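In this chain, residues are counted from 1 in sequence order. Fair warning: this is a prediction, and the values are worked out from it, not measured in the lab.
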Amino acid sequence: NGRNMGDKLVKMVIIKNKAFFICILIFSFSASAQEPLKDIDLVKLHVNSNDEAYIVSFKGAPDKFTFKNIKVKKPKERILKKLRFINESDKYSIKVFDKDGKQFLNLGIGNPFFATYEHIGYEDRQYMGGLVNSADIEIALPLGTEPSYFVISKRGIDGKFNDFQQIMLP
């Protein structure tokens, strides 16, 4: 009978502890809910093919990029497939800055100066492509952003990106 009484006491203490923690939790949520909420402007950094975006075009060479134009239009799927955050396979990147000099995006663009073969008959080659001297490069930026300038970077032999050119928007 004493063991039964002990079990009941343990259950009662557990129930009271749960009730206490639930009360504390509810109180903390109600207290924080009374603080005014701040407006936060969130800008989606990824673009999809159904929405219009800024399409920024560059003419690039391995050591120099030139701004061509910026247009508002729906991006093509092939542009979107190439754009992503930087990964280990990217040799070049484009950093995007706003008018206050804050970087808001860093896009990996792979190696635009290595053209890959996509023809039948080249499957037996060790490398499916070759170097080219120039490339047309396009990036897509959401309309909610306000790009002011770009910084072009190239990955060095140490694996780190080195900025080599700044391009201001006209």
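By the 6.0 Å contact criterion, CG on N162 is enclosed, its count of non-hydrogen atoms from other residues, nucleotides or ligands being greater than 12. In this structure, E146 places its CD atom where only 12 or fewer heavy-atom neighbours from other residues, nucleotides or ligands lie under 6.0 Å away. For K76, the NZ atom is loosely surrounded, since the number of other residues' heavy atoms within 6.0 Å does not exceed 12. Counting heavy-atom neighbours within 6.0 Å of K59 NZ, excluding the residue itself, gives a total above 12.
Annotation: side chain of V72 is in contact with side chain of L143 (closest heavy-atom distance under 4.5 Å). Side-chain atoms of I55 and I70, non-hydrogen and from C-beta on, never get closer than 4.5 Å to each other. Using a 4.5 Å heavy-atom cutoff, the side chains of F97 and L105 are not in contact. By the 4.5 Å heavy-atom criterion applied to side chains, E138 and V56 are not counted as neighbours. Side chains of T145 and D98 form no contact here, defined as non-hydrogen atoms less than 4.5 Å apart. Side-chain contact between Y149 and V151 is present, with heavy atoms from C-beta onward closer than 4.5 Å.
Under a hydrophobic clustering in which Ile, Leu, Val, Met, Phe, Trp and Tyr are joined whenever their side-chain heavy atoms come within less than 4.5 Å, directly or via other members, I152 and L107 fall into the same cluster. If you chain together hydrophobic residues whose side chains sit under 4.5 Å apart, I137 and F164 fall into the same group.
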| message | Does D51 form a salt bridge (Lys or Arg N to Asp or Glu O under 4.0 Å) with K74? I'd like the steps, not just the answer. | response | CA-CA 6 Å; D51 297 331; K74 290 184 179 180; over 6 Å; no

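A pairwise comparison of heavy atoms in F67 and L169 identifies CE1-CD2, 3.4 Å as the closest pair. Taking both residues in full, the closest heavy atoms of A53 and L141 are given as CB-O, 3.2 Å, listed atom of the first, atom of the second, then distance. Taking both residues in full, the closest heavy atoms of P112 and A135 are given as O-CB, 3.3 Å, listed atom of the first, atom of the second, then distance. What you find for P142 and V47 is that their closest heavy atoms are N-CG2, 3.5 Å. The heavy-atom pair separating P147 from V96 by the smallest distance is CB-CG1, 3.8 Å.
Here K73 does not pair with E52 in a salt bridge; the nearest charged N to carboxylate O distance is not below 4.0 Å. A salt bridge links D163 to K95: at least one charged side-chain nitrogen sits closer than 4.0 Å to a carboxylate oxygen. A salt bridge is defined here as a Lys NZ or Arg NE, NH1 or NH2 lying under 4.0 Å from an Asp or Glu carboxylate O, and D63 with K154 fails to meet this definition. Salt bridge absent: R155 and D90 never bring a charged side-chain N and a carboxylate O closer than 4.0 Å.
Of the possible polar contacts, none joining the D100 side chain to the K102 backbone as a donor-acceptor pair under 3.5 Å is found. Y92 places a side-chain N or O within 3.5 Å of a backbone atom of P62 that can act as its donor or acceptor partner.
Checked against a 6.0 Å centroid threshold, the rings of F150 and F65 do not count as neighbours.
Residue I86 holds its CD1 atom at 3.5 Å from CG of N106, rounded to the nearest 0.5 Å. To the nearest 0.5 Å, the span separating CZ on F58 from CD on Q165 amounts to 9.0 Å.
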